[in-house]
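What follows is one structure encoded as structure tokens, with my remarks underneath.
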Amino acid sequence: MKKRKKIRIGAFSAALFVSLTAWGITGSVSSHRYKTEIELQNQKALTELCEYMDSIEVALTKSLYTNTDEMLGKLTSELQRSSAGAKENLSSLYSGETRLHNTYKFLSQVGQFTASLNKKAAKGEKISAEEREILTQLLSYAAELSLQFEHMASLLSADYFTFDEISDIMIKQDSGSEKTVSYLSGIADTELTFEDFPSLIYDGPYSDNILNKSSEMLEESAEISRDEARKIAAGIIGTEEKFLAEEEDTAGKTAAFCFRNDTYSVSVTKAGGYPLSLISDITVTETSLTQADAVEKASLFLGQIGFPDMVSTYAATDDGICTVNFAYKTGSFICYPDLIKVQVALSDGKITGFDASDYIMNHKKRDIPAFTFTPEDAAEGIVSSLDIQEISAAVIPTESGTEYFTYELLCEGEDGQHILIYKDILTLEEVDILILLYSDNGTLTK
């Protein structure tokens, strides 16, 4: 080999070595920095979680002794704020394979249960002895949970472990004996805390009667076979059965058979064979249809797959896909709990998505109560700054899972803002107010 070439190769090799060494050092530094950031994030989450749990414990203790609406309202706000903060930090905390469903549920119920007591107090109703007993139970569980997180935080501050090294360790107890502990075993213990947690029934979305709700529609329906479901699925997307491949079934309250082809994934409930959902990978690059066209095509689709008596309530468009909300109508009442969403491509009118889970969970035969108040009666008492545009009848859901039969009053404010006011059809009490939001993409409510 010529000397010049040897020198060139040697120089190149040296340069390569230096570059690789520098890259290795840089990569090592970056990796160390990343681990340090993760460590600090977990430490921050655990520290703040302890602080929020302490706030929850203190507020629950005070709730046991208050007897005024003002103080209960203040404590409710504190509990809702603290439970939300605790859940946020819990979601950021490393938990290994442990799924903290019970802990999340507890934190949600703490705020919601006390909020339900606040609503009672606002109506002049007293907190019952049973409800104070539930507060005592909540306090007991909160104290235990707080103690466990504080223990993990103390181990962390004593450098017994880091989140990068979380194997079992031996610590010496006050008695002189040693005990094996680990961060992950502590996390798992938090779930065990709630094994005997009592069911809570109250006016709130995390109440156990809502979480444990089942579908009357499915309970009254017979199971179908996979072959029957395949036939229904093929009809939904307009293809032959042989072109559908099987996907993993879904379990839960709306257990379903699932199928797919190159474009769509579709699910059909095992009980009753009802179309449950449709997902596609269709994208839209140009539009030629209007929202009105999309509503018409979506309505036609629902009729074809077995959902009659549905009326569109509002629509919104995003990236060339129009999402149309439909609600079931019985007599003169629009039943908002029985909701179905349909997505339509504004390029060619193809159905790109469908979700009937709300309808299937809530649809049932409803007995319309005998009422004497008229729409004219409902119009009375509306603030003078609102101009009533239309009055109709509607069924709306409550946070506790019950329903109101209402008059729905569409009103316009002096600034052109549109408002929906709902009045109980039996008492004319205002039970909800929604603000209509208009944009180029459609109408939404807030």
Side-chain angles (χ1 to χ4, degrees), residues 115 119 122-123 203 205 287 289-300 302 309-344 346 355 358-359 362 366 368-400 402-446:
K119 288 182 181 179
K123 294 179 181 179
D203 186 17
T287 61
L289 303 179
T290 64
Q291 277 197 0
D293 296 328
V295 171
E296 183 179 350
K297 290 184 179 297
S299 180
L300 179 63
L302 289 181
D309 304 319
M310 304 296 295
V311 295
S312 63
T313 56
Y314 66 84
T317 299
D318 185 39
D319 290 334
I321 301 291
C322 181
T323 300
V324 188
N325 275 16
F326 288 86
Y328 175 71
K329 187 172 185 179
T330 176
S332 60
F333 284 84
I334 296 176
C335 302
Y336 288 111
D338 302 7
L339 183 69
I340 297 179
K341 295 182 180 180
V342 183
Q343 293 183 315
V344 181
L346 293 183
D355 182 3
D358 285 336
Y359 180 98
N362 297 309
R366 293 176 173 86
I368 299 175
F371 57 93
T372 57
F373 290 114
T374 66
E376 289 72 25
D377 294 328
E380 295 181 6
I382 298 297
V383 296
S384 58
S385 59
L386 291 178
D387 180 32
I388 299 174
Q389 307 286 303
E390 183 181 348
I391 302 177
S392 54
V395 178
I396 65 172
T398 69
E399 288 187 336
S400 60
T402 57
E403 295 177 344
Y404 283 120
F405 285 82
T406 70
Y407 280 117
E408 179 186 69
L409 294 87
L410 173 61
C411 307
E412 183 176 0
E414 295 174 347
D415 59 355
Q417 177 73 69
H418 284 92
I419 308 292
L420 288 173
I421 297 177
Y422 294 91
K423 288 191 172 186
D424 189 315
I425 209 162
L426 298 176
T427 65
L428 294 188
E429 175 190 2
E430 284 186 3
V431 293
D432 204 0
I433 297 176
L434 297 177
I435 301 173
L436 290 174
L437 304 175
Y438 299 105
S439 72
D440 293 339
N441 294 329
T443 305
L444 298 173
T445 59
K446 182 179 182 180

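Quick caveat: nothing in here was measured; it's all calculated off a predicted structure.
Residues forming a side-chain contact (heavy atoms from CB on, under 4.5 Å) with Leu426 (at least two apart in sequence, or on another chain): Pro369, Phe371, Asp424. Residues passing the side-chain contact (heavy atoms from CB on, under 4.5 Å) test with Ala294, sequence neighbours excluded: Cys322, Val344, Leu346. Every residue two or more places apart in sequence or in another chain was checked for a side chain to side chain donor-acceptor pair (under 3.5 Å) with Ser312, and none qualifies. Applying the salt bridge (Lys or Arg N to Asp or Glu O under 4.0 Å) criterion to Glu296, with sequence neighbours excluded, gives no partner residue. Glu376 meets the side chain to side chain donor-acceptor pair (under 3.5 Å) test with Thr374; sequence neighbours excluded. Remark: Ser392 pairs with Glu408 by the side chain to side chain donor-acceptor pair (under 3.5 Å) rule, at least two apart or across chains.
Nearest heavy atom pair, residue Ile388 against residue Ala379, reads CD1-CB, 3.5 Å. In terms of heavy atoms, Phe333 sits closest to Ile425 at CZ-CD1, 3.6 Å.
Annotation: the span from Leu410 atom CG to Asp387 atom CG amounts to 9.5 Å, rounded to 0.5 Å. The structure places OH of Tyr407 at 15.5 Å from CD1 of Ile421, a figure rounded to the nearest 0.5 Å. One finds the CD atom of Gln291 at 9.5 Å from the OG1 atom of Thr323 (value rounded to the nearest 0.5 Å). Expressed to the nearest 0.5 Å, how far CZ of Phe326 lies from OG1 of Thr313 amounts to 8.5 Å. With rounding to the nearest 0.5 angstrom, the CD1 atom of Ile382 is 8.0 Å from the CD1 atom of Ile391. In this structure, CD on Gln389 lies 11.0 Å from CG on Leu409, to the nearest 0.5 angstrom.
With hydrogens and angles ignored, the 3.5 Å screen pairs a side-chain donor or acceptor of Thr290 with a backbone N or O of Asp293. No side-chain donor-acceptor contact under 3.5 Å links Tyr422 to the backbone of Tyr404. Gln417 contributes no side-chain N or O that, together with a main-chain N or O of Cys411, makes up a donor-acceptor pair within less than 3.5 Å. The main-chain N or O of Gly320 is never found under 3.5 Å from a side-chain atom of Thr287 such that the two would form a donor-acceptor pair. Distance alone, capped at 3.5 Å, is enough to place a donor-acceptor pair between the Asn362 side chain and the Pro337 backbone. Here the side chain of Lys423 pairs a donor or acceptor atom with the backbone of Ala378 at under 3.5 angstrom.
Here the side chains of Val342 and Met310 are not in contact, with every heavy-atom distance at 4.5 Å or above. Within the 4.5 Å cutoff, the side chain of Thr406 has no heavy atoms near those of the Tyr336 side chain. Proximity of Thr330 to Asp309: side-chain heavy atoms (C-beta onward) are nowhere separated by under 4.5 Å. Residues Ile435 and Ile419 meet the side-chain proximity criterion, which asks for heavy atoms closer than 4.5 Å.
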